[in-house]
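Notes follow the structure.
Order of the sequence lines fixes the chain letters, A, B, ..., with proteins taken first and strands second; residue numbering starts at 1 for each chain.
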There are 6 protein chains.
Amino acid sequence: MSTVAPLDNPEADPRVKAVFDDIRATRKTDFINNMWRYLAFDAALLEQTWAEVKRIMATPSALDPLTKELVYITASIINGCSYCVHSHTAAATAKGMTREQHAELLSIVALAAKTNQLATALQVPVDPVFDKG
Amino acid sequence: MSTVAPLDNPEADPRVKAVFDDIRATRKTDFINNMWRYLAFDAALLEQTWAEVKRIMATPSALDPLTKELVYITASIINGCSYCVHSHTAAATAKGMTREQHAELLSIVALAAKTNQLATALQVPVDPVFDKG
Amino acid sequence: MSTVAPLDNPEADPRVKAVFDDIRATRKTDFINNMWRYLAFDAALLEQTWAEVKRIMATPSALDPLTKELVYITASIINGCSYCVHSHTAAATAKGMTREQHAELLSIVALAAKTNQLATALQVPVDPVFDKG
Amino acid sequence: MSTVAPLDNPEADPRVKAVFDDIRATRKTDFINNMWRYLAFDAALLEQTWAEVKRIMATPSALDPLTKELVYITASIINGCSYCVHSHTAAATAKGMTREQHAELLSIVALAAKTNQLATALQVPVDPVFDKG
Amino acid sequence: MSTVAPLDNPEADPRVKAVFDDIRATRKTDFINNMWRYLAFDAALLEQTWAEVKRIMATPSALDPLTKELVYITASIINGCSYCVHSHTAAATAKGMTREQHAELLSIVALAAKTNQLATALQVPVDPVFDKG
Amino acid sequence: MSTVAPLDNPEADPRVKAVFDDIRATRKTDFINNMWRYLAFDAALLEQTWAEVKRIMATPSALDPLTKELVYITASIINGCSYCVHSHTAAATAKGMTREQHAELLSIVALAAKTNQLATALQVPVDPVFDKG
């Protein structure tokens, strides 16, 4: 069930092929997951989205690759994106997330959901010391 | 503006005092932030919430303390909790989060928001390889 | 801070006056809270919204008035509406919500947030016995 | 489709067996629903989650059992947890929720969604009378 | 998978039949989509929901029909309603949404998700010039 | 109240100055709203965010400028971003949104919130005709 029809042969479009080739080269795999196959319904949207994912997630930076995936899983859970929870849990596992780390991540997400709701329910005023400007 | 009145002297209640004392001892500070002062409207709720925060966030575990805070900030942003975004950004800074890491965290949260929405908009089917059972 | 300007004399508009009069009569008070004063920027929107609130919340029905307000507070917390958390916590208090009930309500909301996130994180399959058709 | 593999024989782990036994005893049924089977991927997470559910939902308290389930359904709908909407609608039905109460609950949730969004859209200022401190 | 059983012959109830007839007449089609078939579990809820949908979405007004559907798709994506994303994407397509407009709509939704999260993460203060009262 | 300190003289950084100059030129105004002043805490994040906003919102495309802003307001309301609701309501007004259009937009957002919640509550199955692949 999806809202756009995936293309029969998306790589017939050279812009799509260029992105798919870059995904394969960057990830060192032949596998192109459905997110990209469906985004290919619009070549510009595919190009822009991949460029941003590559720049942020596949480039060495101030946070290590596993931490980035833990943040991505967290966002995907709370944003309620079933596809993304699946794909980023798989990605984190591929990057070394252990069962203990997975369970602990879920504990933190669950705890944050709880305290976030409590603070909203009580409308707790922000302590002045937390204000940066 | 809040939905419950904070107590004038919350530590007159020995259950509240015991929690506040444990917060001070665990965090090695005299500062009790508003979240705990407002939760003190119900001693049981205060005790249970602090016990869980202490167990998950203040005990050595499979994830390092800064990573835990990055996950907590992420959850707080997406859950839309203004108080929690403030308090956990401050906590992460206290645990060593640099400006570069902060900006990168926000980039990932923003990217995830974007791809989460795109996957939901397209209703992308989950790749069978991501299914664990 | 708001996105529309409240009218100086909203009851100069007979449609607004009729709604405000009905609010006062239904609630047996002269107080018109800000929600209605701001909705008055568009008389039709005001009329439709009040008619629905009155029909659902101020008419005897299958759920008692306090239970209805507990559900409304729950929704307001999770939808992240600061105004609504304030107004419906006040309304529930006016309808007899005790401090114990308030704290217990928050415990359930916090627990649900936690288990909702866990189920989403694990993508737990729905048990066939829960399916009604 | 799920992100962790359910264990073939979860009760081979005595910690899991103890929780499952307590669920069966508390609920007076042999049925263990999938939420617990999947949480069993981590015994500690299972134990902590069940302990909290039992304490809050299965212990006599200031709110009656059906009201608690109505609040839980409300949270599950708004948090967008398909599994939880199914399981708690079933639980509420088992605790006596009538079709009329179900429809009325949905009316309130729908109305709250509407007025919550309107208050956010207009950024209605909180009336001073609603502020408790 | 659903939480209520659809009726075998919903139009045996004259209130349901009247709504279904009006849907067919308004939309000039014999097709009644599942949303209405499931809402028929409660005739009053069905009547009220359809009356509001018809008034807002099927009556000439200040916004053109396609713009209304674009707004509806946007809401459905962000509210995480899979059914609604499907039905309103189909409705927009029936009203003339092109592939380019669909892709652009998704770009805006994705961009808004990103900047909304950034503003929340930074807790950017509202500029006084944006305040209307 | 914010989580980062705005820079005293952000345009001392030539990368920030270049973005601010482009904002002024693109929008034909000297006014730089707070969103950009706070994003300036990280020049790269500022550059990337502005580039995307400019490309999507300030370039002629398949959707007209007012429709784009209506979509942006909708997203901002549902994502619960107070800052963004203010800034995009102001932007839409500047682009010609009338009071009638504003009220109608809010009616659609409120209606969608309602029907989105109802579909989630009932877990209505997607009609096969809505599936595109």
Side-chain angles (χ1 to χ4, degrees), chain A residues 1-4 31 33-35 37-39 41 45 49 52-53 56-57 61-63 67-68 70-72 74-76 78-84 86-87 89-90 98 100-101 103-105 107-109 111-127 129-132, chain B residues 1-4 31 33-35 37-39 41 45 49 52-53 56-57 61-63 67-68 70-72 74-76 78-84 86-87 89-90 98 100-101 103-105 107-109 111-127 129-132:
Chain A
M1 288 262 163
S2 66
T3 62
V4 295
F31 178 60
N33 58 306
N34 276 342
M35 182 70 181
R37 294 189 176 283
Y38 280 76
L39 275 174
F41 91 106
L45 190 58
T49 307
E52 190 170 349
V53 168
I56 294 177
M57 298 302 287
S61 63
L63 296 173
T67 299
K68 291 182 190 180
L70 298 179
V71 169
Y72 221 122
T74 300
S76 301
I78 309 177
N79 286 325
C81 178
S82 171
Y83 182 86
C84 315
H86 273 101
S87 63
T89 302
T98 64
E100 287 73 16
Q101 289 173 321
E104 187 172 332
L105 176 70
S107 297
I108 300 170
V109 171
L111 172 63
K114 172 187 266 193
T115 60
N116 289 174
Q117 302 277 36
L118 291 173
T120 298
L122 297 172
Q123 295 282 304
V124 180
V126 177
D127 302 81
V129 72
F130 295 149
D131 183 23
K132 296 306 170 193
Chain B
M1 288 264 163
S2 66
T3 62
V4 295
F31 178 61
N33 57 305
N34 277 342
M35 181 72 183
R37 294 189 176 282
Y38 280 79
L39 275 174
F41 91 104
L45 189 58
T49 307
E52 190 170 348
V53 167
I56 294 176
M57 296 303 287
S61 63
L63 296 175
T67 298
K68 291 181 189 180
L70 298 180
V71 169
Y72 221 122
T74 300
S76 300
I78 308 178
N79 286 325
C81 178
S82 171
Y83 182 86
C84 315
H86 273 101
S87 64
T89 302
T98 64
E100 285 73 16
Q101 289 173 322
E104 186 172 332
L105 175 70
S107 296
I108 300 170
V109 171
L111 173 62
K114 172 187 267 193
T115 59
N116 290 174
Q117 302 276 35
L118 290 174
T120 298
L122 297 173
Q123 295 282 303
V124 180
V126 177
D127 302 80
V129 72
F130 294 149
D131 183 24
K132 295 308 169 193

Counting only non-hydrogen atoms closer than 4.5 Å, does B:A103 touch chain A with its backbone (N, CA, C, O), its side chain (CB onward), both, or neither? neither
With a 4.5 angstrom heavy-atom cut-off, is it the side chain or the backbone of B:M1 that approaches chain A, or both, or neither? backbone
When rounded to the nearest 0.5 angstrom, what is the spacing between OH in A:Y83 and OG1 in B:T120? 12.0 Å
Going from CG on A:L63 to OG on B:S107, what distance comes out if it is rounded to the nearest 0.5 angstrom? 9.5 Å
Take A:D127 and B:M35, measure what side-chain contact (heavy atoms from CB on, under 4.5 Å) needs, and give me the verdict at the end. CA-CA 9 Å; A:D127 302 81; B:M35 181 72 183; over 6 Å; no
Flag side-chain contact, heavy atom, 4.5 Å: B:S2 against A:L122: no
Sort A:L39 into side chain, backbone, both or neither according to what part of it lies under 4.5 angstrom from a heavy atom of chain B. both
Worked verdict on A:R37 versus B:V124 for side-chain contact (heavy atoms from CB on, under 4.5 Å): CA-CA 9 Å; A:R37 294 189 176 283; B:V124 180; over 6 Å; no
Taking every non-hydrogen atom, the tightest pair across A:N116 and B:C81: O-SG, 3.8 Å
Distance from B:T89 atom OG1 to A:F130 atom CZ, nearest 0.5 Å? 10.0 Å
In the structure I gave you, are the side-chain heavy atoms of A:L118 and B:Y38 within less than 4.5 Å of one another anywhere? no
Counting only non-hydrogen atoms closer than 4.5 Å, does B:K132 touch chain A with its backbone (N, CA, C, O), its side chain (CB onward), both, or neither? neither
Below 4.5 Å from any heavy atom of chain B, which atoms of A:V53 appear? Answer side chain, backbone, both or neither. both
Report the distance from atom CG of A:L111 to atom CD of B:E52, rounding to the nearest 0.5 Å. 5.0 Å
Under 3.5 Å donor-acceptor, B:E100 side chain and A:A62 backbone: no
Would you give the length of the straight line joining atom OG1 of A:T74 to atom CG of B:L70, rounded to the nearest 0.5 angstrom? 10.0 Å
Under 4.5 Å to a heavy atom of chain A? For B:L105 that would be both
Taking all non-hydrogen atoms of both residues into account, name the closest pair between A:S82 and B:V126 and its distance. OG-CG2, 4.3 Å
